[in-house]
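In what follows, a structure is listed as structure tokens, so that the remarks can point back to it.
To find a chain, count down the sequence lines: A is the first, B the second, and so on, and within it residues start at 1.
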Amino acid sequence: MRNCLAIFYREVRSYFNSPVAYAILTGFLLIAGYFFYAIISSFLNYTLTASIEAQYYQMAPPIINVNMMALRPFFLNLTVVMIFAVPLITMRLYAEEKKSGTIELLLTSPIRSAETMFGKYLAALVLYITLLASTSIYHIILFIYGNPELGQILTSYLGLIFMGGSFIAVGIFISSLTENQMVAGFVTIIILLLFWIIGWVATFAGPFFGSLLEYISLLNHFDEFGMGVIDIKHIIFYISFISFFLFLTLMFIESAKWRTR
Amino acid sequence: MISVDHLTKYYGAKPAIQDVSFNVKKGEILGFLGPNAAGKTTTMRILTCYMPATEGTATVGGFDVFKDSLEVRKRIGYLPENPPLYTDMTAKGFLEFVAQIKGIERREIKNRLSEVMEKAAITEVANRLIKHLSKGYKQRVGIAQALIHNPEILILDEPTVGLDPKQIIEVREMIKNLGGEHTIILSTHILPEVSMTCERVIIINEGKIVASDTPDNLTKRLKGSESLFVEVEGPRKEIEAKIKSMKGITRVTFQRKTNQNVVGFRVETELHTDLRKELATLVVQQGWGLMELRPMGMSLEEIFLHLTTKEEEVSGA
């Protein structure tokens, strides 16, 4: 546990003492801000036309929900941005240590591979949650000028944390395979994209594979969080997904200590 | 303290070390001498549990490097060939991190830090980022990193490589002072480094141990000798005595016994003398059977020459 914390602090410091965290944070906020602006603008435009139409036909204005029509698409957009942001966070985790030789220090110190891995995982998760937290300003704006529902916003963030946790697990595994950060980052993006779109072909893949593909699609499990529903089956899916990739990572790192040739 | 038993390591089909065996006593400074790619780093990496051997075993402080790797790692301080430094940290911050993962008690960390920084003479750069330090200081931070948990055993892979002559002298002095308290294995491809710091030397070439002795004896043996291998059918003791009494022979060592009566010797002669004819005559005169007689390729000599050329770079610098 102590070792795990030592690794965690070092990784967090390394993110925030270098331009890494700030570059990702800036880029992310730029894109997220643009999405927020675009979505809210079109939402406002829509409500305006709807109320003018209602007046014209002398009907009661339709009930337009800011949560379903503005926030839900906003969060869905965030998940796509994260597909590109998370690999930038995770690509260095092992690749950098391998390249610079510091992995030799970690592997020859009295510290378990699992402790190293969890420390790194948590550090990446903290940076990821920092990214998410930085978007809270948009909701404050919404609360000042409108009346969105807090519950749905919170479940969406919960869903995003689970989904990002899964992204990080993939990223840390890919990073453990190579000493090249570029390769680690790129391969992670491709794999995350695949997990995102894999559900699209579900309809054509036959009953068994169809439901399987739909099941392993990371995005499908986010949907209900975005609608304000916390369903244990989705949480179980994300936790199993994370555990699976962390297990693979551990096996790969440990295998270096078994391979005798 | 350290015992290595028939260690073999393959990278794919290529052997990096073959059948390496040696022992290190407590407090001893052992030098690992050999040209580049001889297998020094591989051996050290196996001892530090960085990677497993293909065959053979090694124990450190009574613990097997494969089965009790965690215990071994607690007892070893390791400086790899490229010091493993997080360059975006300060020297002090880095050492503090290392202290934590080496399992030093929280309240002792501060004391250990100042002690080690003093030992490695890096106190004045403690708060500077490692990436801004000179090569010599980086190397010293690397040494401090290996010392931080006061390990019983220190394994230093080419600790003086890339340093300027003044720094080299300082580092050697430091290593010498650390002996006695710590058991040290250091590798180098520089001959005088070994004779200056080590009590015992193992020469390794192409993955095999070719000699193991004190630096003085090795220098004597290496300078001015050529070796022959001779296999004779006859009584072992008598043959050995007869060959030894020949003129120009410096040393006879028993090598192998192929069969009941057939024994092989390594015969070292003075430089630039070819005693093959005399040796053959002697064997035949005695009525023994000469089974084999060949020069031993002067492998030691070649390595020595290789090492001495490297030596000049340093002493000339």
Side-chain angles (χ1 to χ4, degrees), chain A residues 1-23 92-120 122-123 127 176 179 181 250-261, chain B residues 8-16 41 44-56 65-66 69-90 93-94 96-106 129 131 142 145-146 148-149 151 155 157:
Chain A
M1 192 58 208
R2 226 191 109 206
N3 291 335
C4 189
L5 279 180
I7 300 279
F8 168 75
Y9 284 132
R10 204 206 69 71
E11 291 290 341
V12 170
R13 233 178 293 160
S14 155
Y15 277 130
F16 287 94
N17 280 353
S18 69
V20 177
Y22 306 103
R92 55 168 286 278
L93 285 173
Y94 277 101
E96 193 179 41
E97 306 246 17
K98 286 189 175 184
K99 190 110 196 171
S100 71
T102 46
I103 192 84
E104 214 161 340
L105 170 66
L106 294 182
L107 288 180
T108 59
S109 291
I111 165 169
R112 285 168 225 277
S113 317
E115 293 172 319
T116 312
M117 186 189 68
F118 280 117
K120 284 174 178 293
L122 289 178
L127 179 53
S176 77
E179 57 166 46
Q181 292 196 39
L250 204 55
M251 285 304 105
F252 186 76
I253 300 165
E254 290 270 291
S255 76
K257 301 205 162 194
W258 308 331
R259 269 176 296 175
T260 51
R261 270 174 188 258
Chain B
T8 300
K9 172 80 186 177
Y10 282 90
Y11 292 124
K14 196 178 150 282
T41 301
M44 292 184 149
R45 283 182 163 177
I46 293 170
L47 282 178
T48 52
C49 312
Y50 180 71
M51 57 188 185
T54 310
E55 278 160 45
V65 290
F66 187 67
S69 126
L70 211 60
E71 291 300 319
V72 172
R73 284 182 272 159
K74 275 182 199 160
R75 287 164 176 77
I76 281 186
Y78 175 40
L79 173 69
E81 201 171 343
N82 300 310
L85 307 170
Y86 292 105
T87 49
D88 55 353
M89 298 176 97
T90 62
F94 170 69
E96 204 175 331
F97 165 71
V98 178
Q100 282 167 352
I101 63 168
K102 299 279 182 189
I104 299 174
E105 293 290 324
R106 200 172 293 274
L129 289 181
K131 64 178 156 203
Q145 162 275 130
I148 189 109
H149 55 310
I155 295 185
D157 198 353

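Between the side chain of A/Ser113 and the backbone N or O of A/Glu254, no donor-acceptor pair lies under 3.5 Å.
To the nearest 0.5 angstrom, A/Lys120 atom NZ is 11.5 Å from A/Cys4 atom SG.
Remark: A/Gln181 engages A/Met91, A/Arg92, A/Ala95, A/Glu96 in a side chain to side chain contact (heavy atoms under 4.5 Å, CB included) (not counting sequence neighbours). For B/Asn82, the side chain to side chain contact (heavy atoms under 4.5 Å, CB included) criterion is met by no residue, not counting sequence neighbours.
When all heavy atoms of B/Pro151 and B/Ala146 are compared, the closest pair comes out as CG-O, 3.3 Å. Residues B/Phe94 and B/Pro84 share a closest heavy-atom pair of CZ-O, 3.2 Å.
Between A/Tyr94 and A/Met117, some side-chain heavy-atom pair lies under the 4.5 Å cut-off. B/Met89 places a side-chain heavy atom less than 4.5 Å from the side chain of A/Arg10. Annotation: side chain of A/Thr108 is not in contact with side chain of B/Ile76 (no heavy-atom distance under 4.5 Å). In this structure, the side chains of A/Pro110 and B/Lys102 come closer than 4.5 Å at one or more pairs of heavy atoms.
For B/Tyr86, the parts sitting under 4.5 Å from any heavy atom of chain A are the backbone and the side chain alike. Heavy atoms of A/Ile7 lying under 4.5 Å from chain B belong to its backbone as well as its side chain. Only the side chain of A/Glu97 comes within less than 4.5 Å of a heavy atom of chain B; its backbone N, CA, C and O stay farther away. Residue contact with chain A, scored on non-hydrogen atoms closer than 4.5 Å, involves the side chain of B/Gln145 exclusively. Heavy-atom distances place no part of B/Val72 under 4.5 Å from chain A, backbone and side chain included. Of the two parts of B/Leu70, the backbone and the side chain both hold a non-hydrogen atom closer than 4.5 Å to a non-hydrogen atom of chain A.
Contacts of residues 11-18 of chain A with chain B at a heavy-atom distance below 4.5 Å involve A/Arg13, A/Ser14, listed in sequence order. Contacts between residues 98-107 of chain A and chain B, defined by a heavy-atom separation under 4.5 Å, are made by A/Gly101, A/Thr102, A/Ile103, A/Glu104, A/Leu105, A/Leu106, A/Leu107.
Surrounding CZ of B/Phe97 are more than 12 heavy atoms belonging to other residues, nucleotides or ligands, all under 6.0 Å away. Counting heavy-atom neighbours within 6.0 Å of A/Arg112 CZ, excluding the residue itself, gives a total of 12 or less.
Under 3.5 Å, the side chains of B/Thr41 and B/Arg45 contain no donor-acceptor pair of N or O atoms.
The residue among B/Ile104, B/Thr87, B/Val98 with the most heavy atom pairs within less than 4.5 Å of chain A is B/Ile104.
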